[in-house]
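Step one of this worksheet: look at the structure below.
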Amino acid sequence: QVQLVQSGAEVRKPGASVKVSCKASGYRFTGYYIHWVRQVPGQGLEWMGWIYPNTGETNYRQKFQGRVTMTRDLSDSTVYMELSGLRSDDTAIFYCARDSVQWGLMYNFEYWGQGTLVAVSS
Amino acid sequence: DIQMTQSPSSLSASVGDRVTITCRASEIIRTYLNWYQQRPGKAPKLLIYEASTLQSGVPSRFSGSGSGTDFTLTISSLQPEDFATYYCQQSYTNPRTFGPGTKVDI
């Protein structure tokens, strides 16, 4: 079965960086886009961008441009999302989510990781 | 950015009730509209995509309709496991955006 397993919670100081991992299993890793979605606790959902593991191509939401980097490790079927220049308002749960169609980009978030809480505090 | 609004922001209902949630887009998005359910402490779950197509494994009491800018999610007979927050999301253009959510509680 399809599974996305994320790394554990992190605490960072303002200005630091954090790198969250998302390990995929149960399907062809290179065939599906992986998206990252942010959720401030108690608030709504915000799409951050995607990575296509087949090529490493990425697309980031403009507000995160320059601060976010998404990468992948084909040997381990894992994608990573690194966010730099952390601020207190970056405190959120970060989810990875797999798109719904093989070889296609539909922005239908069919499978989700369990979420990773990143807390930013001095 | 396309702004998504939902109404109501919250509602109280009973088991067996018919529940309707509305989502409106600030621009025409054709039928590129998805619905998600999120239970407390859990990741969102895709319920409906492209406005009206039921995701595999989702109970048939869930249905979606609409096109253009106005969409609805209907739960025909609310079950205990349906108490959750529901989000719409436009998949039409970047940046893809979500509605603020509708919390359904007892």
Problem set entry | Same cluster (ILVMFWY, side-chain, under 4.5 Å), Tyr86(B) and Tyr49(B) | no
Problem set entry | Exceeds 12 heavy-atom contacts within 6.0 angstrom, atom CD1 of Ile28(B) | no
For this session: With a 4.5 angstrom heavy-atom cut-off, could you sort out which part of Glu46(A) is near chain B: side chain, backbone, both or neither?
Result: backbone
Problem set entry | Nearest heavy atoms of Pro44(B) and Trp112(A), plus distance in Å | O-CD1, 3.2 Å
Exercise. Are any of the side-chain heavy atoms of Phe109(A) and Ser91(B) separated by less than 4.5 Å?
Worked result: no
For this session: Mind running side chain to side chain contact (heavy atoms under 4.5 Å, CB included) on Phe98(B) and Val37(A) for me, showing each step along the way?
Result: CA-CA 10 Å; Phe98(B) 291 84; Val37(A) 175; 4.3 Å; yes
For this session: Specify the closest pair of heavy atoms between Gln89(B) and Tyr107(A), including all atoms of both residues, with the distance to one decimal.
Result: NE2-O, 3.0 Å
Exercise. Counting heavy-atom pairs under 4.5 Å to chain B, which of His35(A), Gln39(A), Gln62(A) comes out on top?
Worked result: Gln39(A)
Exercise. In terms of hydrophobic clustering (I, L, V, M, F, W, Y; side-chain heavy atoms under 4.5 Å; direct or indirect links), are Phe62(B) and Leu33(B) co-clustered?
Worked result: yes
Seminar exercise, completed: Assert top hit (heavy-atom pairs under 4.5 Å, partner chain A, pool Lys42(B), Gln38(B), Glu50(B)) equals Gln38(B)
For this session: Tell me whether Met81(A) is reachable from Tyr60(A) by hopping between hydrophobic residues (I, L, V, M, F, W, Y) whose side-chain heavy atoms are closer than 4.5 Å.
Result: yes
Problem set entry | Distance, nearest 0.5 Å, that separates CE of Met4(B) from CG of Leu45(A) | 12.5 Å
Seminar exercise, completed: The reported gap from CD1 in Ile48(B) to CG in Asn108(A) (rounded to nearest 0.5 angstrom) is 12.0 Å
Problem set entry | Tyr32(B) versus chain A, the contacting section by heavy-atom distance below 4.5 Å | neither
Exercise. So do the side chains of Thr97(B) and Arg61(A) get within less than 4.5 Å of each other, counting heavy atoms only?
Worked result: yes
Exercise. Is it the case that one hydrophobic cluster holds both Val15(B) and Ile75(B), taking links as side-chain heavy atoms less than 4.5 Å apart, direct or via other members?
Worked result: yes
Problem set entry | More than 12 heavy atoms of other groups within 6.0 Å of Arg30(B) CZ | no
Exercise. Met106(A) versus chain B, heavy atoms under 4.5 Å apart: side chain, backbone, both or neither?
Worked result: both
Exercise. When hydrophobic residues are tied together by side-chain contacts of less than 4.5 Å, even through go-betweens, does Tyr92(B) share a cluster with Leu105(A)?
Worked result: no
Problem set entry | Exercise: identify the closest heavy-atom pair between Tyr87(B) and Gln43(A) | OH-O, 3.4 Å
Problem set entry | More than 12 heavy atoms of other groups within 6.0 Å of Lys23(A) NZ | yes
Exercise. Do you know the tightest heavy-atom contact between Gly113(A) and Ala43(B)?
Worked result: O-CB, 3.3 Å
Exercise. More than 12 foreign heavy atoms under 6.0 Å from CZ of Arg24(B): is that the case here?
Worked result: no
Exercise. What are the two closest non-hydrogen atoms of Trp47(A) and Pro95(B), and how far apart are they?
Worked result: CZ3-CA, 3.9 Å
